[in-house]
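Data first, discussion second: the structure below is written as structure tokens.
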Amino acid sequence: MDILDKLKRISPWHYIWISVIFSELITAVLSIVQGKLWWGGVSRETLIIGMVDALVVPLIVATIVIYFIKQATELQRINEQLQEANRKLQSMDKMKSDLVSVVSHELRTPLTTIKAFVELLLMKTSMPDQQKAKLLGTINIEANRLTRLIADLLDLARIEAGSMRWRTEPLHIEEIIRASLASIGPLFENSRIRLTKDIELPLPAFYGDADRLIQVVTNILTNAIKFSPAGGLVHITARHEPGPGGRIVVAISDTGSGIAPEDIDQIFEKFHRSGDQLTSSIDGTGLGLAISRQIVEYHGGRIWATSERGKGSVFTFTLPLAGKAGGPGPGR
Ligand code: ADP
């Protein structure tokens, strides 16, 4: 803290009293010294009153000036803080309205389709079975999309509000990858995408929430399949980076469409889908990576993507071996 800060903390009344006491002391000393020199020329009382006038008055004026400067600086600081808070509130308000408009769009689109198709089925009872099956298929797809969207929104809201229930236990990353592949393995076969793995065993255990980490791996793998053409290749690597900040590093690469440089950081934001994917036929909520980032960061790790348009992408995430404070750890 510099001297000005220290001065600012002293109340103005203290300034006045300190000034008066100091000036009295100085006056007394000077009076004695000058009294010795001019004894007899000027009376001691006149000398004291003169010295008090000469020293106390400027000191009091200085104190008052300092007081007003202090008040003005304080006001300016408060004003800057208020302006900053106002800017933050405005940007939060904008984010909230953006979110509301995206959520309502994302909810309304499947609902409109479902409603229209159900009405059609109700009106045209004589519709051929084949056509009926097609409409019911679409209704099913849209209903699944709504269910997924609502589940993702709830997950994100719970994590952001800090009310998500985390179940942490000692884990091995190879188990997490295996569990994820068990649930989405058939997707690889259906899409004719090859999968290769390079897991450097044995890998040390770490503390984490298995279900949530499976969700992260599953989301990255599902995206790799979704955004890769048939005949593509997805490669998973997992390794241990030893040292004081020891961590597990998982990287999932694909040979898919890739991501434009201007989108690469944004795709971890809620509802951000790169290019024209929001309106394209590739299904998704735009929430998977936002949730994945929250989960990885909860574990004290980091997640990022590197990509080249048309050549593919690599999604990497890290998990520290020592649970971070506020995140999972042996005591939690
Ligand atoms: P969703 O896949 O449901 O749209 P995500 O949050 O998982 O939502 O992904 C956000 C966006 O990031 C995707 O819409 C897509 O534009 C881009 N993306 C994610 N993974 C890949 C990938 N492997 N290749 C190309 N683009 C990707």
Side-chain angles (χ1 to χ4, degrees), residues 95 98-99 101-110 141-160 177 180-181 183-184 187-188 190-197 212-237 250-298 301-317:
M95 265 167 61
D98 286 354
L99 191 70
S101 72
V102 178
V103 171
S104 48
H105 170 265
E106 291 289 303
L107 290 175
R108 213 180 298 123
T109 314
I141 289 172
E142 294 300 315
N144 285 340
R145 195 168 135 195
L146 266 183
T147 314
R148 229 175 16 249
L149 178 65
I150 288 164
D152 280 357
L153 275 172
L154 287 176
D155 270 356
L156 207 56
R158 277 196 208 105
I159 298 175
E160 285 181 349
I177 295 172
S180 168
L181 287 174
S183 70
I184 57 161
L187 274 184
F188 279 96
N190 294 347
S191 330
R192 286 189 289 119
I193 289 172
R194 210 151 52 86
L195 171 75
T196 53
K197 282 184 285 178
R212 296 296 157 200
L213 290 171
I214 292 171
Q215 194 176 349
V216 173
V217 176
T218 305
N219 180 53
I220 300 176
L221 284 173
T222 316
N223 281 345
I225 298 170
K226 265 192 328 196
F227 299 107
S228 295
L233 173 72
V234 171
H235 183 63
I236 310 175
T237 64
V250 180
I252 299 174
S253 65
D254 63 62
T255 51
S257 60
I259 303 154
E262 65 272 19
D263 282 324
I264 201 93
D265 291 327
Q266 314 257 40
I267 53 171
F268 293 94
E269 301 295 330
K270 282 174 246 183
F271 295 112
H272 191 93
R273 310 192 71 207
S274 75
D276 57 356
Q277 272 148 19
L278 194 63
T279 48
S280 83
S281 57
I282 300 176
D283 194 25
T285 62
L287 289 173
L289 288 176
I291 296 173
S292 300
R293 180 168 70 176
Q294 295 274 3
I295 295 173
V296 170
E297 286 180 356
Y298 176 82
R302 234 166 55 74
I303 183 167
W304 68 95
T306 50
S307 179
E308 209 177 321
R309 206 81 174 105
K311 296 215 167 139
S313 318
V314 186
F315 283 81
T316 310
F317 66 90

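Just follow the structure's listing: the first ligand is 1, and inside any ligand the first atom is 1.
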*Take V250 and I220 through the side chain to side chain contact (heavy atoms under 4.5 Å, CB included) test and state the conclusion after the steps.*
CA-CA 11 Å; V250 180; I220 300 176; over 6 Å; no

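- Counting heavy atoms closer than 4.0 Å to ligand 1, residue F268 contributes nothing at all.
- Neither the backbone nor the side chain of T222 has a heavy atom within less than 4.0 Å of ligand 1.
- Atom numbering of ligand 1 starts at 1 in the shown order; those under 4.0 Å from a heavy atom of L287 are 6 (O), 8 (O).
- Those atoms of ligand 1 that come under 4.0 Å of a heavy atom in G258, given as number and element, are 25 (C).
- For ligand 1, the polar-atom distance check finds no N/O of S257 at less than 3.5 Å from any of the ligand's N/O atoms.
- If you look at S307 next to ligand 1, there are no close heavy atoms at all, none under 4.0 Å.
- Between I303 and V296, the shortest heavy-atom contact is N-CG1, 4.1 Å.
- Listed by atom number, the atoms of ligand 1 under 4.0 Å from F315 heavy atoms are 19 (C), 20 (N), 21 (C), 22 (C), 23 (N).
- Remark: the backbone N or O of V234 is not paired with any side-chain donor or acceptor of D254 at under 3.5 angstrom.
- Considering backbone and side-chain atoms together, I259 places no N or O closer than 3.5 Å to any N or O of ligand 1.
- The closest donor-acceptor contact from the side chain of S307 to the backbone of G258 lies at 3.5 Å or more, if one exists at all.
- For ligand 1, the polar-atom distance check against A290 finds no nitrogen or oxygen pair separated by under 3.5 Å.
- Looking at F227 next to ligand 1, no N or O pair under 3.5 Å apart turns up.
- Contact annotation for D254 and ligand 1: only side-chain heavy atoms (C-beta onward) come within less than 4.0 Å of the ligand.
- Without hydrogens or angle criteria, S183 side chain to S180 main chain gives a donor-acceptor distance under 3.5 Å.
- Ligand 1 places these atoms under 4.0 Å from at least one heavy atom of G286: 1 (P), 3 (O), 4 (O), 6 (O), 8 (O).
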*Hey, mind stepping through I264 and W304 against side chain to side chain contact (heavy atoms under 4.5 Å, CB included) and telling me if it holds?*
CA-CA 8 Å; I264 201 93; W304 68 95; over 6 Å; no

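- Set against the non-hydrogen atoms of K226, the atoms of ligand 1 under 4.0 Å away are 1 (P), 2 (O), 3 (O).
- Taking each heavy atom of K197 and L181 in turn, the nearest pair found is CD-CD1, 3.9 Å.
- Put simply, the side chain of N219 gets close to the backbone of G288: a donor and an acceptor are under 3.5 Å apart.
- Residues S253 and H235 bring no donor and acceptor atom of their side chains to less than 3.5 Å of each other.
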